[in-house]
Amino acid sequence: MRLSHTLVPTLKETPAEAQIVSHRLMLRAGLVRQTAAGIYAWLPLGWRVLQNIEQIVREEQDAIGAQEMLMPTIQPAELWRQSGRYDAYGPEMLRIKDRHDRDMLYGPTNEEMITDIFRQSVKSYRELPQMLYHIQWKFRDEVRPRFGVMRGREFLMKDAYSFDLDYASAVVSYRRMMLAYMRTFHRLGVNAIPMEAESGPIGGNLSHEFIILAPTGESRVWYDAAFERMDYSPRAVSHESEADLERFFVQMTTPYAATDEKHDEAAWARVADKREGRGIEVGHIFYFGTKYSTPLGLAVAGRDGAPVTPHMGSYGVGVSRLVGALIEAFHDDAGIKWPDAVAPFRAAILNLKVGDANCDRLCEDLYAKLRGNALYDDREERAGVKFADADLMGHPWQIVVGPRGAANGMVELKRRMTGERQELDIDAALARLG
RNA sequence: CGGGGCGUGGCGCAGCCUGGUAGCGCGCGUGUUUUGGGUACACGAGGCCGCCGGUUCGAGUCCGGCCGCCCCGACCA
């Protein structure tokens, strides 16, 4: 895209409402605009990041055999009355009425709905296990939205649901999903650590939350450095091997890891290689047995023909929250430092002198060769403005094209994450970008 | 939901106490200037002063009500 005709309203000053760094930078870099408390519009740059994250999440779900689908945002209250959660959920649930005065709601999650859909068509044990997911907007009417998209009321979430014949099988599904999560966060460029968690309002007793490390994270975390050395690539762990999954699960849950609430000084004292930091919860997985299948009447015929109530689990990733969380993890005083995997553009081309024949020619050449992967700053702005905006937007690479170098076909390549720069000719620069 | 704060051009703010022609910086437009880290100067455009009502000759300013947003706490992907 050419920046001169792209809606990327960068701000020199921080809007008063933004407090934490990711929120400030998302506003300043022109990623989002707030529409109401906890509700945001995603502008072109932010939307690209969100989609990149979503795609990585999707690919790792697909990789373990989960099936993608899409459930609606609006749900009938009736379903929630069957599970008993219509009354239990409280004012966090946004309740609305349609024109026929029927009670509806904007879904905060989809256990009831998926269970209902599943029970309508799955009738035999032969069809289990199954894992389904969707990536959909949710709404939770938080009393106090804050931290920008990290604690919004409307948010994009990947939620998956597993259906198994019995507990043993459900545990395998659970572990498989944990594996997908570790791979997902690894691809996003962050360290994520699974920590045993309270099961919360969704219920159940096998539950982990995934904390990514960020210096400005909301809670303190203590963990064993063993987590930094683990390999859960497909080569090391097969999602189809129960033995692999068990070994993986033990590996992930044995070393010490805890947030404030569960930190245990005695156990911590026995950890040899200690790591402390701060973290942000970006995912949560639960096994909850027949909590929904029983009240909603989900049952399949077992081998002997008698009905069996499937065991379920649900697995969430806060996709929109991750945008904020990643910025918390990757930024400096000048702005965002996107990890390569999620950056809105791989590179920014900074034309320091629009109108200069050499600069224009070189930039156009680069822009064409990088296809859709570059944001071309073709604005008639001063160099300083372009540098500042590029740093703020956080493109992994900046290709600086100025009249001095351009005359000799040279450009300066800057790596945002490390700050390192080098003078290269066009081909070398492109090669470096990969 | 308890406690606190704030709503004034796009952004950041002053003006309100003590009513009397709506200001500043940034940004935006034009021109000159500058030309590798947010250049300088000049001119210019842009405002239901959150909304409704009241007091007053006169309300951004005083009074009442409402709405919105932010922060701390309790709660959460």
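Owing to the predicted nature of the structure, the values given are computational and were not obtained by experimental measurement.
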message = Given the ring of Tyr223(A), does Arg275(A) sit roughly above its face, with NZ or CZ under 6.0 Å from the centre of the six-membered ring and within 45° of the axis?
response = no
query = Which part of the nucleic acid does Asp391(A) contact within heavy-atom distance under 4.0 Å: base, sugar-phosphate only, or nothing?
reply = base
ask   = Counting side-chain heavy atoms from C-beta on, which of C71(B), C75(B), G38(B) comes nearest to Arg28(A)?
value = G38(B)
message = Is the base of A77(B) stacked against the aromatic ring of Phe155(A), taking ring centres under 5.5 Å apart and planes under 30° as the test?
response = yes
ask   = Using a cut-off of 4.0 Å on non-hydrogen atoms, how would the nucleic acid contact of Ala18(A) be classed: base, sugar-phosphate, or nothing?
value = nothing
ask   = Taking atom types as they are modelled, is there a donor-acceptor pair under 3.5 Å from the base of G27(B) to the side chain of Glu13(A)?
value = no
request  = Would you indicate which nucleotide in G38(B), C13(B), A77(B) comes nearest to any side-chain atom of Val385(A)?
outcome  = G38(B)
message = For RNA chain B, which residues of residues 409-424 of chain A approach it to below 4.0 angstrom with any heavy atom?
response = Glu412(A), Lys414(A), Arg421(A)
key: Minimum-distance nucleotide (side-chain atoms of Glu92(A) versus A74(B), C76(B), A77(B))   = C76(B)
task = State which residue, out of Leu370(A), Asn373(A), Leu45(A), fulfils the side chain to side chain contact (heavy atoms under 4.5 Å, CB included) condition with Phe345(A).
result = Leu45(A)
inquiry  = Over all strands shown, is Gly324(A) touching base, sugar-phosphate only, or nothing at heavy-atom distances under 4.0 angstrom?
reply    = nothing
message = Looking only at the side chain of Asp389(A) (C-beta and beyond, no hydrogens), which of the listed nucleotides G37(B), C69(B), G38(B) gets closest?
response = G38(B)
task = Kindly indicate whether a cation-pi arrangement holds for Arg176(A) with Tyr315(A), taking the cut-offs as under 6.0 Å to the six-membered ring centre and within 45° of the axis.
result = no
5' priority, RNA chain B, between Gly148(A) and Gly402(A) [closest heavy atom] = Gly402(A)
ask   = Just checking, Arg321(A) and Phe155(A): is the charged tip under 6.0 Å from the six-membered ring centre and within 45° of the axis?
value = no
note = The Watson-Crick or G-U wobble partner of C69(B), with both key distances under 3.5 Å, is G5(B)
query = Just checking Val400(A): base, sugar-phosphate only, or nothing, at a heavy-atom cut-off of under 4.0 Å?
reply = base
ask   = Under 4.0 Å: is that the gap between some side-chain N or O of Arg321(A) and OP1 or OP2 of A77(B)?
value = no
message = Within the 4.0 Å heavy-atom criterion, would you say Leu11(A) contacts the bases, only the backbone, or no part of the nucleic acid?
response = nothing
inquiry  = Just to verify, what does Tyr40(A) make a ring pair (Phe, Tyr, Trp, His ring centres under 6.0 Å) with, not counting sequence neighbours?
reply    = His23(A)
Polar side-chain contact Arg144(A)-C76(B) base: donor and acceptor under 3.5 Å = no
ask   = With respect to the phosphate group of G68(B), does any side-chain polar atom (N or O) of Gln34(A) fall under 4.0 Å of OP1 or OP2?
value = no
key: Residue whose closest nucleotide on RNA chain B lies nearer the 5' end, Ala37(A) versus Val143(A)   = Val143(A)
query = Under 4.0 Å between a side-chain N/O of Lys12(A) and OP1 or OP2 of G27(B), yes or no?
reply = yes
key: Sequence neighbours excluded, every pair satisfying ring-ring contact (aromatic ring centres under 6.0 Å, His included) that has a member inside residues 360-398 of chain A   = Tyr367(A)-Tyr376(A)
ask   = Ignoring hydrogens and geometry, is there a side-chain-to-backbone donor-acceptor pair from Arg416(A) to Ile336(A) under 3.5 Å?
value = yes
query = Out of A77(B), C28(B), U35(B), which nucleotide sits closest to the side chain of His284(A)?
reply = A77(B)
